[in-house]
There are 2 protein chains.
Amino acid sequence: MAASNALNTRFDEWRDRGFDANACPVRNVLDRIGDKWTTLILVALAAKPCRFSQLHRNVPDISKRMLTQTLRDLQRDGLITRHVFPTKPPSVEYRLSPLGQSALAPLAGLIDWAEQSFAAIQASRAQFDAGDTSEHLSAA
Amino acid sequence: MAASNALNTRFDEWRDRGFDANACPVRNVLDRIGDKWTTLILVALAAKPCRFSQLHRNVPDISKRMLTQTLRDLQRDGLITRHVFPTKPPSVEYRLSPLGQSALAPLAGLIDWAEQSFAAIQASRAQFDAGDTSEHLSAA
DNA sequence: GATGATTGGTCTATAATAGAGACCATCATT
DNA sequence: AATGATGGTCTCTATTATAGACCAATCATC
């Protein structure tokens, strides 16, 4: 099955297809997964279904505009569903779809890696910013 | 160990810390992993160490400016190393560091998910774009 | 019965970011 | 002496994100 190819053979496949963004799942799908807010929203909804205002309170520094847009994109991709309840001021609830749920496992893998690597990354940044010009000069 | 917490308990932890971007591995680390070019560069380097021009040829639609910047950021985070060979026109080779290598496994998980889910996502998009206003109206 | 608050957004104006492509010095080839 | 490759930087413009005002409806408060 192609899904468990080694990464390097896959890269060659992508390149040979000209990296067409429409045909490349990585560029097509991960561009969205990877944007500034998507992961945060998905993880927030993993905890529990949530209404617009509640999400906005949970993720305090997102603008309404970006929250709307992120939710629309996730809905378009089928990762979340939007449910309108005809209450007096209508309330709108967002939920993870099964497809969205299926994204949580690989996402958790990446989050685990991020947490485990955070210290090392911060150390590396500090060293780099301290002007560590220990350039890796190698013999010709 | 905290690393395998359920996602929802973790989200609450993050929120309780005020989502400080400096303290939150997800926002801090995944923002970089998730940007437009980083994953592509990492996967390209997973195949083999690569020189600047070679990378630029492999990823045809990145500008030199963004390639430079992405490589600098990855170097700063310690995911790749930069090796200067004092050849006549100096050549510069980029390689995955052990830390960068360690990112490949979780990244591959996400890539697998993307490939497996791509068809479903495209179908969902098509339906959404076809103006499928089957709003999920629910009883109050 | 006006005041403010909450609902789920939209709209505009500005700030930050990405991209295109010119440019640079050095050396080898033609 | 012109061409191309090396690994970049720099500037200018186009795209994108953010902040925050605004909106209609409905409710509770004073």
Side-chain angles (χ1 to χ4, degrees), chain A residues 19 21 27-28 30-41 44-45 49-76 80-95 128 133 135-140, chain B residues 19 21 27-28 30-41 44-45 49-76 80-95 128 133 135-140:
Chain A
F19 282 112
R27 307 191 68 170
N28 205 300
L30 294 195
D31 274 4
R32 199 164 309 286
I33 289 293
D35 84 21
K36 186 166 182 181
W37 303 111
T38 299
T39 305
L40 222 44
I41 301 290
L45 290 178
C50 225
R51 317 223 320 240
F52 186 88
S53 304
Q54 188 59 45
L55 273 174
H56 199 200
R57 277 187 292 268
N58 278 353
V59 185
D61 53 353
I62 191 175
S63 68
K64 284 174 151 197
R65 190 180 171 281
M66 287 314 293
L67 180 55
T68 301
Q69 194 176 112
T70 304
L71 289 169
R72 284 287 171 284
D73 286 342
L74 284 173
Q75 188 191 359
R76 183 171 107 99
I80 65 175
T81 55
R82 182 175 182 272
H83 306 262
V84 180
F85 294 87
T87 51
K88 332 302 166 53
S91 53
V92 178
E93 190 180 72
Y94 293 92
R95 297 178 194 163
F128 187 94
T133 333
E135 296 263 302
H136 296 264
L137 279 171
S138 310
Chain B
F19 281 113
R27 307 191 67 171
N28 204 299
L30 294 194
D31 274 4
R32 199 164 309 288
I33 288 293
D35 85 20
K36 187 166 181 181
W37 302 111
T38 299
T39 305
L40 222 43
I41 300 291
L45 290 178
C50 225
R51 311 215 338 232
F52 185 88
S53 304
Q54 187 60 44
L55 274 173
H56 199 201
R57 276 187 293 267
N58 278 353
V59 184
D61 52 353
I62 191 176
S63 68
K64 283 176 153 195
R65 188 181 173 280
M66 288 314 293
L67 180 54
T68 299
Q69 194 176 113
T70 305
L71 289 170
R72 284 289 173 283
D73 286 343
L74 284 172
Q75 187 191 358
R76 184 170 106 98
I80 65 175
T81 55
R82 182 174 182 271
H83 305 262
V84 181
F85 294 88
T87 50
K88 331 303 167 54
S91 53
V92 178
E93 191 181 70
Y94 293 92
R95 298 179 195 162
F128 187 94
T133 333
E135 296 265 301
H136 297 264
L137 278 171
S138 312

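Per chain, numbering begins at 1; letters A, B, ... match sequence-line order. Quantities reported herein were computed from a predicted structural model and do not represent experimental measurements.
Counting only heavy atoms from C-beta outward, the side chains of B:R82 and B:V84 approach each other to under 4.5 Å. With contacts defined as side-chain heavy-atom distances shorter than 4.5 Å, the pair A:L74/A:T70 qualifies. Taking the side chain as every heavy atom from C-beta outward, B:M66 and B:V59 never approach each other to under 4.5 Å.
Under 4.0 angstrom from either OP1 or OP2 of C:dG9 there lies at least one side-chain N or O belonging to A:R82. Contact annotation: A:S53 side-chain N/O to C:dG8 OP1/OP2 distance is under 4.0 Å.
For the pair B:Y94 OH and D:dT6 P, the interatomic distance rounds to 13 Å; values are reported in whole Å. Atom CG in B:L40 sits about 16 Å away from atom C1' in C:dA18, given to the nearest Å. Rounded to whole Å, the distance from CD on A:Q54 to C1' on C:dG8 is 14 Å. Atom-to-atom, CG of B:D31 to P of C:dA16 comes out at 17 Å; the value is rounded to the nearest Å. The interatomic distance linking A:L67 (CG) with C:dT10 (C1') rounds to 13 Å, in whole Å. Atom-to-atom, CZ of B:F52 to C1' of D:dG7 comes out at 6 Å; the value is rounded to the nearest Å. Atom CG of A:L71 is separated from atom C1' of C:dT10 by 15 Å (rounded to the nearest Å). The separation between B:F85 atom CZ and C:dC27 atom C1' is 19 Å, rounded to whole Å.
With rounding to the nearest 0.5 Å, the separation of CZ in A:R76 from CG in A:L71 is 14.5 Å. Rounding to the nearest 0.5 angstrom, the gap separating the CG atom in A:D73 from the OG1 atom in A:T68 is 11.0 Å.
Contacts of B:P49 classified as side-chain contact (heavy atoms from CB on, under 4.5 Å), with partners at least two apart in sequence or in another chain: B:E93, B:R95.
Of the candidates D:dG8, C:dT7, C:dG9, D:dG8 carries the atom nearest the B:R72 side chain, counting heavy atoms from C-beta on.
Proximity of a side-chain donor or acceptor of B:T39 to a complementary backbone N or O of B:G34 within less than 3.5 Å is not detected.
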message = How would you summarise protein contacts on nucleotides 16-30 of chain D per nucleotide, using B for base, S for sugar-phosphate only and - for none, with heavy-atom distances below 4.0 Å?
response = -SBB------SS---
